[in-house]
Q: 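Dropping a structure here in structure tokens format, bear with me for questions.
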Amino acid sequence: MSLLKTTATLIPKPSSTSTFDSLQCGTLLQSLTNSKSLTQALQLHAHVTTGGTLRRNTYLATKLAACYAVCGHMPYAQHIFDQIVLKNSFLWNSMIRGYACNNSPSRALFLYLKMLHFGQKPDNFTYPFVLKACGDLLLREMGRKVHALVVVGGLEEDVYVGNSILSMYFKFGDVEAARVVFDRMLVRDLTSWNTMMSGFVKNGEARGAFEVFGDMRRDGFVGDRTTLLALLSACGDVMDLKVGKEIHGYVVRNGESGRVCNGFLMNSIIDMYCNCESVSCARKLFEGLRVKDVVSWNSLISGYEKCGDAFQALELFGRMVVVGAVPDEVTVISVLAACNQISALRLGATVQSYVVKRGYVVNVVVGTALIGMYANCGSLVCACRVFDEMPEKNLPACTVMVTGFGIHGRGREAISIFYEMLGKGVTPDEGIFTAVLSACSHSGLVDEGKEIFYKMTRDYSVEPRPTHYSCLVDLLGRAGYLDEAYAVIENMKLKPNEDVWTALLSACRLHRNVKLAVISAQKLFELNPDGVSGYVCLSNIYAAERRWEDVENVRALVAKRRLRKPPSYSFVELNKMVHQFFVGDTSHEQSDDIYAKLKDLNEQLKKAGYKPDTSLVLYDVEEEIKEKMLWDHSERLALAFALINTGPGTTIRITKNLRVCGDCHTVIKMISKLTNREIIMRDICRFHHFRDGLCSCGGYW
DNA sequence: CTATTGACTA
């Protein structure tokens with residue numbers, strides 16, 4: 001009964017009563033297949049169903065199934081296929097093709113096995129799709145077996161089959177095997193060369209792709225647009241702007257004749273420019289495009305985002321909406337990442353409601369972007385809500401959630417997400433270990449962190465990378481186990497990198513250990529003489545001991561190496577607009593009010609017992625000037641701005657690009673009590689939730 | 001009667 005019901009809904013009603021003979025139908029179907037015209041196929045289907053023509057005429061039925069398969073309409077194709085008793089190889093091939101090319105590689109393989117079972121021999125038209133399906137499913141064993149069958153069946157020399165084998169090995173990441181197959185091929189066509197080039201690029205061997213291109217030219221082949229796509233991708237990978245521009249020029253010169261120019265290619269050139277960090281070139285090309293499709297917009301928006309220009313990315317997104325282009329999931333992911341960068345919480349939340357309104361499925365990738373945005377913008381509650389509602393919590397989603405808990409100092413929850421994930425059988429990678437270890441260190445969970453560090457190699461055979469060591473050193477160092485941290489570094493299997501020494505150096509600052517600080521700083525300067533933050537940290541340590549001569553020496557070194565401290569700035573979002581403040585910034589239109597507010601706060605805090613920690617000012621100047629310098633810090637400007645412009649009781653969120661200064665930390669704590677505000681501050685390491693004179697970090701920062 | 005390669009995402 002249920003079968004009858006599905007049949008009734010599957011087969012459309014005839015729209016006219018006129019009839020064709022089978023031959024006419026066959027010819028018509030052929031042309032419909034070539035033009036992939038699904039609507040006309042449906043009409044024809046209706047005609048031939050009436051009177052049972054289809055049931056009687058296997059030839060027609062086979063053609064119709066093939067037509068549906070090519071159009072990607074597999075339910076109808078399958079329905080007809082099931083009714084045909086005498087299945088020839090053309091029918092099998094068409095079905096396998098249909099599934100393999102329409103996101104159902106496992107169904108394609110299932111049919112292939114069924115075909116073998118039926119005793120139908122696969123041929124040169126079967127294998128390309130079977131190989132494609134194996135490649136897409138990453139079934140290495142099966143893929144190799146099919147390859148062997150190709151050899152046994154003597155179909156190795158068929159160039160279509162050969163190219164498909166190449167492509168499959170590249171999907172497996174087995175560049176060597178692909179190379180061997182390619183070298184042994186007797187016949188090579190342009191697709192063989194293109195497959196080789198794109199295969200190298202896909203496997204991170206852009207240089208190899210350029211070499212293959214050279215060989216291809218020497219062999220007398222002229223590239224087509226697929227060749228250019230591979231080359232552009234390679235240029236982006238190795239940031240070869242010069243060659244990239246040459247290709248752009250070539251496309252412009254040859255484009256008008258229509259041979260190489262199309263939208264695909266233009267979007268790829270935009271992407272190439274962005275990967276070469278030449279977003280301005282990408283922008284110029286973009287503005288000149290006659291037709292901008294959603295991918296054109298996405299490429300440029302993601303380009304701005306990846307180059308760290310979140311404001312431009314968001315501005316472009318705004319323009320996209322204004323001109324009526326329809327953003328898709330990919331747009332949303334880039335825009336969320338941009339919001340994430342500049343802590344634009346309200347804007348990010350608007351994007352989420354947009355996603356819901358448009359009815360986009362919040363798939364795992366969009367969900368992960370949302371969690372990251374919310375967590376990084378300071379709303380852990382919203383991040384958790386998205387995470388809890390996700391039906392599929394894969395590794396990246398868990399990693400982002402663990403990181404989120406970590407930066408908010410909620411180490412216990414981070415650990416429990418991690419173990420929950422392991423319990424579900426998800427295999428952990430390096431990334432999630434970094435996330436969970438750093439979560440432990442922000443919460444002072446020393447034993448738990450150590451346990452996880454050793455578990456990593458012992459139970460999951462993930463070899464620790466330098467980042468894991470730096471997390472461990474950080475974990476031990478913050479908690480005051482400086483000697484143990486130093487011992488970890490000395491016993492490392494790998495060469496300690498600058499992050500490891502930086503972690504120890506910061507711990508030395510926290511626990512005022514000058515001796516170890518000097519050792520770490522020395523190692524750090526050897527590895528990276530130009531990293532300014534190490535010098536700053538060391539002078540902080542000397543300043544805390546009032547060793548002004550040493551402070552001066554470090555400064556002289558910085559001056560000699562012509563290093564400059566990166567500008568420190570803070571963001572605060574107001575009415576979906578993000579305001580940025582630099583140190584001592586007077587450019588804001590409310591600047592006078594801001595400084596008046598700070599002066600007022602300073603007086604009130606002093607009455608409440610505030611003593612400025614001027615040791616954090618690295619200049620040996622008078623106390624009074626030092627004190628004034630502290631009140632120029634960007635986080636205070638942002639805070640004063642927010643206090644002026646928001647009503648009582650509103651939560652304030654501030655983001656700083658560097659580590660929050662120790663004196664500012666004290667000041668913000670006191671202000672949270674004085675003004676009765678919840679203040680959420682994010683710095684380069686983590687979040688600080690200030691409330692009622694206390695901070696969530698509990699000293700672990 | 002059929003085919004292989006192909007840009008923007010965490």
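By convention in this document, chain letters (A, B, ...) are assigned in the order of the sequence lines, proteins followed by strands, and residues within each chain are numbered from 1. All values below were derived from every heavy atom in this structure, side-chain atoms included, with hydrogens, water molecules and symmetry-related copies excluded.
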Q: Describe the nucleic acid contact of A:Thr226 in one word from base, sugar-phosphate, nothing, applying a heavy-atom distance below 4.0 Å.
A: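 Here A:Thr226 touches the bases of the nucleic acid.
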Q: Using the side-chain heavy atoms of A:Leu229, tell me which of these nucleotides is nearest: B:dT2, B:dT4, B:dG6.
A: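 Closest of the options to the side chain of A:Leu229: B:dG6.
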Q: Check this one for me: any side-chain N or O of A:Lys63 less than 4.0 Å away from OP1 or OP2 of B:dT2?
A: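 The answer is no; no side-chain N or O of A:Lys63 sits under 4.0 Å from OP1 or OP2.
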Q: Under 4.0 Å, heavy atoms only, any strand: does A:Asn275 hit a base, just the sugar-phosphate, or nothing?
A: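 Answer is nothing: A:Asn275 stays at 4.0 Å or more from every strand.
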Q: Do A:Thr227 and A:Asn194 get their side chains close enough for a donor-acceptor pair, meaning under 3.5 Å?
A: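 Yes, a side-chain donor-acceptor pair sits under 3.5 Å.
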Q: Return the stacking result for B:dT4 and A:Tyr160: yes when the ring centres lie under 5.5 Å apart and the planes under 30°, no otherwise.
A: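 No, A:Tyr160 does not stack on the base of B:dT4.
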Q: Are A:Arg385 and A:Asp388 close enough for a salt bridge, meaning some N to O gap below 4.0 Å?
A: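 Result for this pair is no, no salt bridge flagged.
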Q: Report yes if at least one side-chain N or O of A:Ser302 is closer than 4.0 Å to OP1 or OP2 of B:dT9; otherwise report no.
A: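 Answer is yes, contact under 4.0 Å.
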Q: Between B:dT5, B:dC8, B:dC1, which one does the side chain of A:Val330 approach most closely?
A: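 Nucleotide nearest to A:Val330's side chain: B:dC8.
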Q: Counting only side-chain nitrogens and oxygens, does A:Lys202 get under 4.0 Å of the OP1 or OP2 atom of B:dT5?
A: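 No, no such contact exists.
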Q: Would you call the rings of A:His73 and A:Tyr76 parallel, tilted or perpendicular, taking 30° and 60° as the class edges?
A: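 Judged by the thresholds at 30° and 60°, the geometry between A:His73 and A:Tyr76 is tilted.
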Q: Considering only heavy atoms, which members of residues 180-189 of chain A lie under 4.0 Å from some atom of DNA chain B?
A: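 Correct list: empty, so none.
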Q: By nearest atom, which of the nucleotides B:dA3, B:dA10, B:dT5 is closest to the A:Asn194 side chain?
A: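 Nucleotide nearest to A:Asn194's side chain: B:dT5.
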Q: Is atom CZ of A:Arg319 surrounded by more than 12 heavy atoms (other residues, nucleotides or ligands) closer than 6.0 Å?
A: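 Counting other residues, nucleotides and ligands, CZ of A:Arg319 exceeds 12 neighbours.
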Q: Consider the side chain of A:Thr191, meaning its heavy atoms from C-beta on, and name the nucleotide among B:dA3, B:dT5, B:dC8 that approaches it most closely.
A: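 Looking only at heavy atoms from C-beta outward on A:Thr191, the closest nucleotide is B:dT5.
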Q: Among the nucleotides B:dA3, B:dC1, B:dT5, which one has an atom lying closest to any side-chain atom of A:Ser167?
A: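 For A:Ser167, the side-chain atoms sit closest to B:dT5.
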Q: Out of B:dT2, B:dG6, B:dT4, which nucleotide sits closest to the side chain of A:Pro128?
A: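 Selected nucleotide: B:dT4.
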Q: Quick check, does A:Phe129 stack with B:dA3? I mean ring centres under 5.5 Å and planes off by under 30°.
A: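 No, A:Phe129 does not stack on the base of B:dA3, since the centre distance and plane angle fail the 5.5 Å and 30° test.
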Q: Can you tell whether the side chains of A:Glu287 and A:Arg283 come within less than 4.0 Å, N to carboxylate O?
A: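 Between A:Arg283 and A:Glu287 there is a salt bridge, with a charged N closer than 4.0 Å to a carboxylate O.
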Q: Is any side-chain N of the basic residue among A:Lys242 and A:Glu246 closer than 4.0 Å to the acidic one's carboxylate O?
A: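 Salt bridge flag = yes for A:Glu246 with A:Lys242.
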Q: Heavy-atom count around A:Asn103 CG within 6.0 Å, excluding the residue itself: above 12?
A: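 Count not over threshold, so no.
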Q: OP1 or OP2 of B:dT2 sitting under 4.0 Å from any side-chain N/O of A:Arg97?
A: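 Negative; the distance criterion is not met.
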Q: I want to verify a distance call: between B:dA7, B:dA3, B:dT9, whose nearest atom is closest to the A:Ile333 side chain?
A: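 So the nucleotide nearest the side chain must be B:dT9.
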Q: What contact category does A:Val400 fall into here, base, sugar-phosphate, or nothing, at under 4.0 angstrom with non-hydrogen atoms?
A: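 Touches nothing.
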